[in-house]
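Note sheet for the following structure.
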Amino acid sequence: RARFDQVGRLVRQSIGFLQLPDAVKNVARLITKGYQEYQHGLAVMVLTSVLLMDRPEMTEDLLVKVGVGALLHDVGRLGLSPGLMDKSPGSWSPEEEAAFRTHPALGVGFCVGLPLPAETLHCILFHHEQADGKGFPAGLPAAGIPDYVKALAVCNTYDALTRACVWRPAYPPFDALRRMEARKTSLDRTMFKRLIMILADAEVLKGGGEAARQGNLPPPEPETPPQE
């Protein structure tokens, strides 16, 4: 109950920035473009807050800044060509994939007129950076990615996999974790294991919770990795 109350307070404080007229405009555009994407941002904000709230370096003020970044992390998709996100990434042309990779920078551009702290902008700009240094837009090494962004990246991947989209159905939670395990070099291991523990404790992982908790995740069948 205490954790639930704390998450609720963090969410309320995070969306308090909507009092800014330009922020209302940006989020309204995100909702208009696709309520599913707005729901994704809210879900990632809650998951990221839960993942980080027990870490000693995470003050409530920092959690709020990261919460706003998690909510807005995909706002740059507003600048992508209509219909791009309705196609399977495996079918994208090189030009379409290159366009998709611009959305973190586009997101920061959309928020340039807002008085957002650096931590919030880091979440928007770096949420596709990877622990193996093969992410984008900067190809940062693991040491260059803030821990709160690593948490956001894990939660973003999990929610994207467990959320249906035009070109595939949603994966059940345990299957989603198996697919994340198969991409172990791209995701921070500490944050990934922390997510497994939280989901197992919340009894989300029906039929595989204990195996997941112990790290015994059988590999999934090969598939084109989705672009979360």
Side-chain angles (χ1 to χ4, degrees), residues 26 29-41 43-45 47-48 69-112 120-146 149-171 175-189 191-192 219-228:
N26 277 335
R29 289 176 63 201
L30 183 61
I31 297 172
T32 302
K33 183 180 175 73
Y35 189 65
Q36 181 83 342
E37 291 185 0
Y38 177 64
Q39 285 183 314
H40 170 60
V44 173
M45 176 172 68
L47 280 173
T48 304
L71 176 65
L72 292 177
H73 74 276
D74 270 341
V75 71
R77 292 190 182 186
L78 294 173
L80 299 179
S81 299
L84 177 61
M85 300 312 302
D86 293 337
K87 299 170 62 176
S88 166
S91 70
W92 285 347
S93 68
E95 292 76 18
E96 288 174 324
E97 182 171 358
F100 174 78
R101 286 172 169 260
T102 67
H103 82 267
L106 289 174
V108 172
F110 280 131
C111 297
V112 72
T120 299
L121 297 175
H122 290 164
C123 291
I124 298 171
L125 185 60
F126 298 141
H127 69 275
H128 276 291
E129 298 293 347
Q130 297 181 177
D132 58 9
K134 296 180 180 179
F136 60 90
L140 294 177
I145 306 171
V149 176
K150 294 175 182 176
L152 167 59
V154 167
C155 296
N156 179 40
T157 302
Y158 174 77
D159 187 75
L161 289 170
T162 54
R163 188 175 297 275
C165 60
V166 174
W167 50 274
R168 64 154 174 81
Y171 293 113
D175 288 347
L177 291 177
R178 290 170 60 207
R179 294 175 185 280
M180 292 170 71
E181 173 66 21
R183 299 162 59 187
K184 63 179 68 176
T185 61
S186 66
L187 297 171
D188 181 80
R189 299 300 297 171
M191 296 300 178
F192 179 52
E221 296 179 1
E223 173 191 324
T224 300
Q227 297 284 358
E228 291 80 19

Within this structure, what is the [atom1]-[atom2] distance for the pair [X] and [Y], rounded to the nearest 0.5 Å?
X	Y	atom1	atom2	result
Arg183	Asp132	CZ	CG	10.0 Å
Asp188	Leu152	CG	CG	12.0 Å
Thr120	Leu125	OG1	CG	12.5 Å
His103	Phe110	NE2	CZ	11.5 Å
Glu96	Lys87	CD	NZ	3.5 Å

[X] side chain to [Y] backbone, donor-acceptor under 3.5 Å:
X	Y	answer
Gln130	Leu187	no
Thr102	Ala99	yes
Trp92	Leu84	yes
Lys134	Thr185	no

Find out whether [X] and [Y] are in side-chain contact, i.e. whether some heavy atom of one side chain is under 4.5 Å from a heavy atom of the other.
X	Y	result
Leu80	Met85	yes
Trp167	Asp86	no
Leu106	Leu78	no
Asn156	His40	yes
Leu161	Arg168	yes

Nearest heavy-atom pair of [X] and [Y]: which atoms, and what distance?
X	Y	result
Leu47	Tyr158	CD1-CD2, 3.9 Å
Glu129	Gly135	OE1-C, 3.7 Å
Ile124	Cys111	CD1-SG, 4.0 Å
Pro137	Pro104	CD-CB, 4.2 Å
Ala131	Ala142	O-CB, 3.4 Å
Val154	Met180	O-CE, 3.5 Å

Looking at Glu181 and Arg189, is any side-chain nitrogen of the basic one under 4.0 Å from a carboxylate oxygen of the acidic one?
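Between Glu181 and Arg189 there is a salt bridge, with a charged N closer than 4.0 Å to a carboxylate O.
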Verdict with supporting geometry, Asp74 and His127, side chain to side chain donor-acceptor pair (under 3.5 Å)
CA-CA 9 Å; Asp74 270 341; His127 69 275; 3.3 Å; yes
Check the pair His73, His128 against side chain to side chain donor-acceptor pair (under 3.5 Å), reporting the backbone distance first and the verdict last.
CA-CA 10 Å; His73 74 276; His128 276 291; over 6 Å; no
